[in-house]
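See below for the structure under consideration.
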Amino acid sequence: MSAGRSRSELSRRRLLGVAGAAGVAAAAGVAGCGSMTREVSGELLSSGGRLPEPFRVPLPAPRTAVPVRTTGGVDHYELVQRVADMEILPGRKTRVWGYDGSFPGTTLVGRSGRQIVVRVRNELPVPTSTHLHGGIQAPESDGYPTDLVVPKGYRHDPATHGKGGHGAGHGGAMQVAPADWKLSQGAKDYTYPLDQPAATLWYHDHRMDFSAPQVWRGLAGMFLVRDDEEEALHLPAAERDIPLMICDRAFEEDGALRYPSVDPSLTGVPGVEDAYMEGVMGDVVLVNGAPWPELEVDAARYRFRLLNASNARRYRLALEPGPREGAPFVQVGSDAGLLAAPRSHKELPIAPAERFDVVVDFSAYPVGSTVTLVNTLGEDGTRRVMRFRVTRRAKDDSRVPARLADVEPLRAASAVAERQFNFRQTSTSDGTKVWTVNGKPFRSAEFAARPRLGTVERWRFTSDFHHPVHLHLAHFQVVARSGRAALDTDAGWKDTVDVRPFEVVDVLARFSGHRGRYMFHCHNLEHEDMAMMANFQVV
């Protein structure tokens, strides 16, 4: 057996030990993993060269997209997926796969109720599929993993993908029906109605078997939805409304991205080396694509739209030092929109794909002070995220009102069905470990549920490990964790929930907008690539 496999088994025992402890804590009524001194959700991949000093580079601001044309009240955008060399580590070049050749990709900004069409043109050497995470769109624009945009000249033969590609890397566990491959040559138009309130969404690659390495290489960007209700609140705006895409990566000595793919070309056998099947965590924390950046701020309120775009890493964010008065974070929004009322937090646990929309008031700090955003789950370099430097006093007419939005609390009695989904590692007949839902690896032709359009269902998630569970299309409210009240940080409409080891999480999900095939899956991207997905059909 390889050294990697031995390391994997050691790692798995360690992780399951953590999971077991969490289960004991949950059984004892302790607040789950929040009470643990350490939480692990993947395997650390160390960089090969010298790492940069923290807080030496400014926070980048990704470019905001402008429509290429407007027709009949519909704004049309175009994004080009292409290879580019960027300076992520100072003095070194990193080759990325980016939307418009940038990492993060171009930020898209839409307006509630105003449809946009985004043409994604693929100039990369591999197929892609783009998912608008948190968006309510028809199935043909949802970024189903086998609905691919194939680059010109790329030969995609589904007949070979049962042998040397899709499914073969996981003991042949996953199966894709031949009719489920849908190919768009060169480009595809994604239609987003945006019939949803203001929210912080994001878009990313969702290609079958290869989402993890393709997102790792840069295929992710922010997508903001605005509306009149949000703008009337007078929250911090303009240059004080800042999206922060937080993720981790590892680098080779020459600056290239390091990732443990079985086939680095991403055209053959999918998957990662055995040692990293729990998930890949890098040792460099990036914010908007920069390592441990610094942002100069006024002594005023700022709105930060926090996104955890990591493959597997969880964070518990805090400010050091905390403010002299008041809470470090005032949460105004969750995954899918504004909260009914602001909530104060000392720390924010954020799993992959979750978003927190928060206000930080730097007037609580003396001019000249520095404030560090830290990850209390990290160690050494991964404990740091970024730093703020309070540079000047400034006028601030923003506010955080006591009421933010009308958020209808769903009632348990409104659920027309209850379903349970167990996210767990399972062995195939040949002993291969795969990540499954209810013991089954992904099958494109099978459905785990058929909810009716316009209804609410109670879905219960259980797990053996950290699994951030994401539902396409359906937004939901978290109503219970292991039979107890949801966390204060669970508030609002969500599309992703962190299900911790041996925890039972109940959500009320509303299936609205469109009929058709959608999916739900673990958003630890390595788990997703290794079969932890399932379909549901809205009927």
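These numbers come from a predicted model, not from an experiment. Numbers for residues simply follow the sequence, beginning at 1.
Side-chain atoms of T496 and H133 form a donor-acceptor pair, as typed in the model, at a separation below 3.5 Å. Between D180 and T146, the side chains place no donor N or O within less than 3.5 Å of an acceptor N or O (distance only, hydrogens not considered). Looking only at atom types and distance, the side chain of D495 has no donor-acceptor partner in the side chain of H475 under 3.5 Å away. Residues Y77 and T106 have side chains that never bring a donor and an acceptor to within less than 3.5 angstrom of each other. No donor-acceptor contact under 3.5 angstrom links the side chains of N308 and E354, judged on distance only. Between the side chains of R343 and Q331, no donor-acceptor pair is found at a separation under 3.5 Å. Counted by atom type alone, T130 and Y99 present one or more donor-acceptor pairs between their side chains at under 3.5 Å. Side chain to side chain, D263 and S265 meet the donor-acceptor criterion of an N or O pair below 3.5 Å. Under the 3.5 Å distance criterion, with hydrogens and angles disregarded, no donor-acceptor pair is assigned to the side chains of H466 and N524. No side-chain donor-acceptor contact under 3.5 Å links T128 and D205.
Figure legend: K188 and Y190 shown as a cation-pi pair, the cationic atom lying under 6.0 angstrom from the six-membered ring centre and within 45 degrees of its axis. Within the cation-pi definition used here (under 6.0 Å to the ring centroid, within 45° of the axis), R249 qualifies as a partner of W216. With a 6.0 Å cutoff to the six-membered ring centre and a 45° limit on the axis angle, R517 counts as a cation-pi contact of Y144.
The residues D241 and R305 are annotated as salt-bridged, a charged nitrogen and a carboxylate oxygen being separated by less than 4.0 angstrom. Between R111 and E230, none of the side-chain N atoms (NZ, or NE/NH1/NH2) sits under 4.0 Å from a carboxylate O, so this pair counts as no salt bridge.
Taking the six-membered ring for Trp and the full ring otherwise, F520 and F421 have centroids separated by under 6.0 Å. When ring centroids are compared, W493 and F476 stay outside the 6.0 Å threshold.
When side chains are defined from C-beta on, R314 does not count as touching N375, because their heavy atoms never get closer than 4.5 Å. Counting heavy atoms from C-beta outward, E278 and E526 have side chains that stay 4.5 Å or more apart.
Not counting sequence neighbours, the partners of P451 by the side-chain contact (heavy atoms from CB on, under 4.5 Å) test are A449, E457, F511, F536, V538. D195 meets the side chain to side chain donor-acceptor pair (under 3.5 Å) test with no other residue; sequence neighbours excluded.
Using cut-offs of 30° and 60° for the angle between ring planes, the Y302 and F304 rings count as parallel. Ring planes of F465 and H527: tilted class, angle from 30 to 60°.
Heavy atoms only, all atoms of each residue included: D490 and R481 are closest at OD2-NE, 2.7 Å.
Evaluated for a side chain to side chain contact (heavy atoms under 4.5 Å, CB included) with L108, the options D75, V225, V118 yield exactly one hit, V118.
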>> Assess the residue pair M532 and H521 against the criterion (side-chain contact (heavy atoms from CB on, under 4.5 Å)); give the C-alpha distance rounded to whole Å, side-chain angles, the decisive distance to 0.1 Å, and a yes or no.
In response: CA-CA 6 Å; M532 195 169 253; H521 58 83; 5.9 Å; no
>> Checking D147 against S129 for the side chain to side chain donor-acceptor pair (under 3.5 Å) test, could you report, in this order, the C-alpha distance in whole Å, the side-chain angles of both residues, the deciding distance, and whether it holds?
In response: CA-CA 6 Å; D147 185 357; S129 177; over 6 Å; no
>> With side chain to side chain donor-acceptor pair (under 3.5 Å) as the criterion, how do H131 and H204 come out once you've worked through the C-alpha distance, each side chain's angles and the decisive distance to 0.1 Å?
In response: CA-CA 6 Å; H131 171 54; H204 59 81; 4.9 Å; no
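Atom CG of N535 is separated from atom CZ of R450 by 9.5 Å, given to the nearest 0.5 angstrom.
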